[in-house]
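These numbers come from a predicted model, not from an experiment.
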Amino acid sequence: MPGRRASPGARQGGFAAVHGLAGLLAVVLGVLATGPAPARDAGAGGPLREVMAAEFAVSAGRLDEAVRWYLAAARAAPGDAALASRATRYALLGRDDDALREALALWRERAPESLGMQGASATLALRTGKARAARRQLEAMLRDGGARGWLAAFAVLGTGSRDPELSARVLGQLFDRGALPTRPMALAAAGQLALGLGDDALFGRIDAVARELHPGDPALGLLRVRHLHRTGRSDEARTVLDALATGAALQGPGIRERMALAYGELGAADAGAALLAAAPAAGDLGQLALRASLLAEAGDKEALSGLYEQLAKGAEVPDPARRLLLGQVAEFLELPEQALEWYRSVPGGEQRATARLRETKVLHDLGRREDAWQALHDLQQDAEAEGNLRRDAYLMESELRRKDDDAEGELDALARGLAAFPDESALLYSRALLWERRDDIPRAEADLRRILVAEPDSTAALNALGYTLADRTERYEEALELIERARLAEPANAAIIDSYGWVLYRLGRHEEALVELRRAFVLEKDAEIASHIGTVLWELGRREEAREWFEQARSIDPDNRSLRRALEDIGG
């Protein structure tokens, strides 16, 4: 159970230009979810039995069954657009094109044409290989839907098709016909979609128009930098980024920060820090923190020391955020004694809780382990401290024990935490990870199921347990139901789609698995997803393609655990 599956939260890349493809897909599903009242609100005279059966199937993660029951409910309630809409929504997530066709037809009969309806029609056309019909629907969405229209249309192309090459071809046709909007944000989204679909040539054509119409637009320029870097032309990417940076002072602080992050992605963190220093946002501690992290990444202790002195000059006023940042910069500079002083001087506010936790980490780094354990135990027993701080003290202790290779101490810290905070999900997650590292899958499963007893709709726990069962046991059908429950709640979550693809692979449905895994990679460039794609391709006998994906995974994260296991399995 890789750690990313056991911890909720999104990840953001330094080159993100506009809305991510996960966000685009959420637009389509959000359109379907709004409008008609939910089917479960049907009156007493409605098809109650069918609706209840459908909801039960959804809760159990049996998607195909849920679609069948919702279709039965919609047939039994002529004129009910809400039921037809709900049947369509779930059919979009399934693989039964006939069911989607029927649900969409019922919805179309009962409600006026809508953006969600057009998106469902375009998705069905793409799935059945009807490129011309899909293009017509998408053109209508682009023409009449405004910003929501192009977001929804791009979402359909990005994630609705089972064939990325078909989606790229249709996007190219829409571009050639002049159907794509030419505003900077829309062109940036189209370019990002082309990159996600793997069509570098199409991106180049879109980018050429963008450069002609909006030559100085920074979002489009950052996307160009990303493309050049991804295709191995990092020197060209640096040239483009340098040109963008010359006008950065004219932009708001947000775009300068994105440019600084882009420098970091190119391995030029020092240039990113210099960009922020050239046009500092007065009083913006967040920007100063970013600058400090870039300097630390660049190993520029001289410049970081200068920033530290600059920050310290304003520390006479007891500003909690500034003193917390000073402690963090002192840690970057490997000045643990000074970091400890700054953390202990944070006067109050939410920063005080963070500072108290950081104190224990610094004590541990200083080799004062007994002091660290005592400080953590004091926090854990502090009746006046907020519950989250006390909980986090147990988590911090478990993390520090793990760094010391003290597995028994780590387990003890989590056990004490759970005694104080029974069924606390963060503690149970951490312990499940520990059990999984020890190959004790039954205990990992037990902790994840404890989370689901208290939080039955926790998508993180559903996905973590489903993936664990798929990856480490042969209980594939059970894993599929758990992952389906998570997928119904968060259909645009790349990690969940990856889990879905992985369980399909384990079920022997290799071609279907490859489609889903590629969809996940379109949404998020992740080493684990890339290694999964490589594994499936290897099983399909497509060895050269597999090696390319393994190399791509290595370039993202050479120490990725799934990648290491995959290479061991194939003897690579």
Side-chain angles (χ1 to χ4, degrees), residues 13-22 24 126 131 135 138 150 153-159 161-180 182 184-215 217-241 243-244 262 265-267 494 514-515 517-527 529-530 533-534 537 542 544-556:
F15 285 128
V18 289
H19 306 272
L21 290 176
L24 299 183
L126 283 172
R135 193 183 67 226
L138 293 166
W150 62 257
F154 291 168
V156 168
L157 287 167
T159 58
S161 171
R162 296 177 183 137
D163 181 358
E165 291 183 6
L166 175 61
S167 289
R169 187 163 68 251
V170 171
L171 178 63
Q173 291 169 352
L174 292 168
F175 173 77
D176 292 337
R177 293 165 67 90
L180 300 185
T182 56
M185 184 176 288
L187 278 175
Q192 182 170 300
L193 176 58
L195 289 179
L197 294 170
D199 195 331
D200 290 330
L202 176 57
F203 170 79
R205 290 157 57 202
I206 294 171
D207 185 51
V209 170
R211 280 183 287 177
E212 180 180 348
L213 296 179
H214 312 287
D217 185 84
L220 290 164
L222 283 171
L223 188 61
R224 194 172 306 127
V225 169
R226 175 191 173 196
H227 172 245
L228 289 168
H229 181 53
R230 193 183 86 165
T231 53
R233 292 178 283 171
S234 297
D235 290 342
E236 292 180 59
R238 176 66 188 268
T239 299
V240 172
L241 186 54
L244 287 173
E265 293 285 348
L266 291 176
L514 194 56
V515 169
L517 294 170
R518 288 185 188 276
R519 288 180 62 235
F521 197 77
V522 165
L523 292 170
E524 185 169 3
K525 304 297 181 283
D526 178 81
I529 300 172
I533 294 172
L537 287 168
R542 295 156 63 176
E544 287 305 314
E545 284 183 75
R547 289 189 180 93
E548 290 175 6
W549 279 98
F550 289 137
E551 282 305 311
Q552 189 161 180
R554 200 194 310 272
S555 70
I556 297 170

Quick check for you: to the nearest 0.5 Å, what is the distance between [X] atom [atom1] and [Y] atom [atom2]?
X	Y	atom1	atom2	result
Arg169	Leu202	CZ	CG	12.5 Å
Asp163	Leu166	CG	CG	5.0 Å
Phe175	Leu187	CZ	CG	8.0 Å
Ile556	Lys525	CD1	NZ	8.5 Å
Arg224	Arg211	CZ	CZ	5.5 Å

Kindly give the heavy-atom pair with the smallest separation between [X] and [Y], and that separation in Å.
X	Y	result
Ser167	Leu157	OG-O, 2.9 Å
Glu524	Ile529	O-CD1, 3.7 Å
Leu174	Arg135	CD2-CG, 3.5 Å
Val170	Ala131	CG2-CB, 4.1 Å
Gly534	Ala546	O-CB, 3.3 Å
Leu180	Phe154	CD2-CE2, 3.8 Å

Compare all side-chain heavy atoms of [X] with those of [Y] and state whether any distance is below 4.5 angstrom.
X	Y	value
Leu228	Thr239	no
Arg542	Leu514	yes
Glu265	Arg226	no
Phe550	Leu537	no
Leu171	Leu138	no
Trp549	Gln552	yes

Exercise for the section: Could you check whether the rings of His227 and Phe203 sit parallel, tilted or perpendicular, using 30° and 60° as the cut-offs? Expected result: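 If you compare the ring of His227 with that of Phe203, the planes turn out tilted.
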Handout entry: Exam field: side chain His214 to backbone Met185, donor-acceptor pair closer than 3.5 Å
Key =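 Pair absent, no side-chain N/O of His214 close to backbone of Met185.
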Exercise for the section: Take Leu193 and Ile206, measure what side chain to side chain contact (heavy atoms under 4.5 Å, CB included) needs, and give me the verdict at the end. Expected result: CA-CA 11 Å; Leu193 176 58; Ile206 294 171; over 6 Å; no
Handout entry: Salt bridge Arg205-Asp176, side-chain N to carboxylate O under 4.0 Å
Key =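 Looking at Arg205 and Asp176, the cut-off is met.
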